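Everything on this sheet refers to the single structure shown next.
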Amino acid sequence: MKWIDEFKQTLHKYKKWEPAVFFVAGFTFDAFLLHRIDDPLMLAHQAVYLTIAAFLIAWDHFFEAGRATIPAKLTKIWSYREGFLHFILGTLLNVYTIFYFKSGTILNSVVFLALLGGLLFLNEVRPTKIPKHALRNALFGLCLISYMNIIVPIVVGAIGVIVFSVAIAAASLIHVGYTGLLKSRLDSQTIWREIRLPFVGIAVLYSSLYFLKILPPVPLSMKHIGIYHEITKAEGTYRLGYTRPLWRFWESGDQTFEARPGDKIHCFVQVFSPTNFREQLFVRWQYKDERTGWTNSDAIPLSVVGGRAEGFRGFTVKENYQPGDWRVRVETSDGREVGRIGVRVITSHDAAPPEMIYEHR
């Protein structure tokens, strides 16, 4: 049929964009399936995808080196291996990008997205000096390390330098075992240049982002943070009171805090953490001084216990404050930022306070 022939010609014309299309498809596909970070099915799903990706990359190495053949019946299917591999890697990186976005600030997420975007750009442009397989193995290494940096803290029930180091070591051991299986069919130079070196580069870069406190503190994630005039708890539910007018709908509670004598500033946080997970968070209040910039005021501890699907809930109260710009940072015990919120405190001269509006969490 004519339209089928035209469709095939169109596909052939834009064949070079096939990997990018499959990569985006992987992102979109997984966005609809993503659940909580410690969901066993989700973790198993990632493990299966990592295994399939490792197999496709390895067999492609063997095939191009003349150390493996494809059965005639599978030749047609094998021609789509590159698109399928990109779909799998896109799905995995979608998971990690979303979790990193939830676990830290926009700046941290942008850094990770820049790393991902740089690898994808190189994979598409593919400079002649960089082997094709090196870029694929770099993406695979990023997926493997990201997976272990999620699953190890979930199993241990904590985060920190030691836990992160264990995750990197576990990913490295798995990769060493993987390359060991390839030695019988690939020469040592190919294994080092196209497989091991890309993984080492990604591991070093990933670790650098961690120790520079840029990498978000997965598996923690901020579900909600807001500023309120009043917070009470009854029968397991928090009642949050604010006076924000309806037209300032983009604010979370009273981010423009109209202070009257006796008012206290309440910061409510809702942080998700996996089951059996414990972490000591700090709610750090900072004031913006016109001369010195942001200065620390208080750092109030908040112990997080995981397991609740909606996240651990808690709040801190600020009694001593002054008009001006404030911000509240929620940090882990080692200073990694989970989330933040800005507050502008102004002195109200209204005789009667506005009516309190309540929400429940």
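Because the structure is a prediction, the values reported are computed rather than measured.
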Leu212 atom CG, over 12 foreign heavy atoms within 6.0 Å: yes

Which heavy atom of Pro274 sits nearest to which heavy atom of Phe272, and what is that distance? N-CE2, 4.1 Å

Identify whether Ile214 and Leu142 are in the same connected component of the hydrophobic contact network (ILVMFWY, side-chain heavy atoms under 4.5 Å). yes

Single-linkage hydrophobic cluster, 4.5 Å side-chain cutoff, Leu173 and Leu197 together: no

Just checking, any donor-acceptor pair under 3.5 angstrom between side chains of Thr256 and Glu251? yes

Between the main-chain N or O of Tyr287 and the side-chain N or O of Thr295, is there a donor-acceptor pair closer than 3.5 Å? yes

Quick one, Gln280 and Leu302 - any side-chain contact, counting heavy atoms below 4.5 Å? no

Is it the case that one hydrophobic cluster holds both Ile231 and Val343, taking links as side-chain heavy atoms less than 4.5 Å apart, direct or via other members? no

Give the C-alpha distance, both sets of side-chain angles, the deciding distance and a yes or no for side-chain contact (heavy atoms from CB on, under 4.5 Å) between Leu281 and Leu220. CA-CA 11 Å; Leu281 297 181; Leu220 297 176; 4.1 Å; yes

Enter the distance from Thr316:OG1 to Ile265:CD1 here, rounded to the nearest 0.5 Å. 10.0 Å

Please confirm whether the backbone N or O of Gly160 pairs with a side-chain atom of Asp334, one donor and one acceptor, at under 3.5 Å? no

Honestly, is Arg336 close enough over Tyr210, meaning NZ or CZ under 6.0 Å from the six-membered ring centre and within 45° of the axis? yes

Approximate separation, where rounding is to 0.5 Å, of Leu139 CG and Leu93 CG: 6.5 Å

For Thr292, is there any backbone N or O sitting under 3.5 Å from a side-chain donor or acceptor partner on Asp289? yes

Assess whether side-chain contact (heavy atoms from CB on, under 4.5 Å) is satisfied between Val338 and Ser221, documenting all intermediate values. CA-CA 6 Å; Val338 182; Ser221 63; over 6 Å; no

Decide whether a cation-pi geometry holds between Arg313 and Tyr238; the criteria are a distance under 6.0 Å from NZ or CZ to the six-membered ring centre and an angle within 45° of the ring axis. no

Do the ring centers of His229 and Tyr242 come within less than 6.0 Å of each other? no

Residues Ile300 and Val317: closest non-hydrogen pair is CD1-O, 4.1 Å

Is there a side-chain contact between Cys267 and Val330 in this structure, where contact means two heavy atoms from C-beta onward sitting under 4.5 Å apart? no

For Ile191, does its backbone N or O pair with a side-chain atom of Glu194 as donor and acceptor, under 3.5 Å? no

Here the pair of heavy atoms bringing Tyr147 nearest to Leu43 is OH-O, 3.2 Å

Is any side-chain heavy atom of Met148 closer than 4.5 Å to one of Ile174? yes

Okay, side chain of His266, backbone of Leu240: is any donor-acceptor separation there less than 3.5 Å? no

Should the ring pair Tyr228 and Phe268 be called parallel, tilted or perpendicular, given that the plane angle runs from 0 to 90° and is split at 30 and 60? perpendicular

Below 4.0 angstrom, N of the basic side chain to O of the carboxylate: do Glu230 and Arg239 qualify? yes

Mind checking whether Ile150 and Ile37 have side chains closer than 4.5 Å, heavy atoms only? yes

Heavy-atom side-chain contact between Ile346 and Pro323 under 4.5 Å: no

Go through the side-chain N and O atoms of Tyr96 and Gln46 and say whether any donor and acceptor fall under 3.5 Å apart. yes

Say you draw a straight line from CG of Leu85 to CG of Leu89; how long is it, rounded to the nearest 0.5 Å? 4.5 Å

Nearest heavy-atom contact between Leu182 and Ala58 is CD2-CB, 3.6 Å

Using a 6.0 Å cut-off, check whether atom CZ of Phe211 has over 12 heavy atoms from anything other than its own residue. yes

Tell me whether the count of non-hydrogen atoms from other residues, nucleotides or ligands lying under 6.0 Å of CD in Gln322 goes above 12. yes

Rounded distance (nearest 0.5 Å) linking atom CZ of Arg340 with atom CD of Gln286: 7.5 Å

Assess the residue pair Ile357 and Thr243 against the criterion (side-chain contact (heavy atoms from CB on, under 4.5 Å)); give the C-alpha distance rounded to whole Å, side-chain angles, the decisive distance to 0.1 Å, and a yes or no. CA-CA 6 Å; Ile357 303 171; Thr243 62; over 6 Å; no

Can the positive tip of Arg327 be found less than 6.0 Å from the middle of the six-membered ring of Trp285, inside 45° of the ring normal? no

Mark yes or no for whether Asp39, through its side chain, and Leu41, through its backbone, hold a donor-acceptor pair below 3.5 Å. yes

Non-hydrogen atoms of Gly141 and Ile202 that approach each other most closely: C-CG2, 4.1 Å

Side-chain touch Lys318/Val283, heavy atoms, less than 4.5 angstrom: no

Same cluster for Val48 and Leu50 if Ile/Leu/Val/Met/Phe/Trp/Tyr side chains link at under 4.5 Å? yes

Without hydrogens or angle criteria, can the side chains of Ser146 and Asn149 be said to hold a donor-acceptor pair below 3.5 Å? no

Give the C-alpha distance, both sets of side-chain angles, the deciding distance and a yes or no for side-chain contact (heavy atoms from CB on, under 4.5 Å) between Arg185 and Trp59. CA-CA 10 Å; Arg185 300 193 183 193; Trp59 205 261; 3.7 Å; yes

To the nearest 0.5 Å, what is the distance between CG (Asn137) and CD1 (Ile57)? 5.0 Å

Tyr178 (side chain) donor-acceptor with Ala54 (main chain) under 3.5 angstrom: yes

For Val176, is there any backbone N or O sitting under 3.5 Å from a side-chain donor or acceptor partner on Thr179? yes

For residues Tyr206 and Phe164, determine if any side-chain heavy atom of one lies less than 4.5 Å from a side-chain heavy atom of the other. yes

Salt bridge check: are Arg244 and Asp254 linked by an N-O gap of less than 4.0 Å? no

Test item: side-chain donor near acceptor, Ser348 and Arg260, under 3.5 Å: yes

Count the heavy atoms belonging to other residues, nucleotides or ligands that lie under 6.0 Å from CG of Asn296, then report whether that count exceeds 12. yes

Do side-chain atoms of Ser165 reach the backbone of Val161 as a donor and acceptor pair under 3.5 angstrom? yes

Within one Ile-Leu-Val-Met-Phe-Trp-Tyr cluster: Tyr49 and Phe55, side-chain cutoff 4.5 Å: yes

To the nearest 0.5 Å, atom CD1 of Ile225 lies from atom CD of Gln255 at 9.0 Å

Taking all heavy atoms of Ala299 and all of Arg284, pick out the closest pair and write down the distance. CB-NH1, 3.6 Å

When you measure from the side chain of Asp38 to the backbone of Thr275, do you find a donor-acceptor pair of N or O atoms at a distance under 3.5 Å? yes

Any side-chain donor near an acceptor of the partner, Glu279 and Ser333, under 3.5 Å: yes

Quick check: do Asp298 and Phe282 have side-chain heavy atoms less than 4.5 Å from each other? no

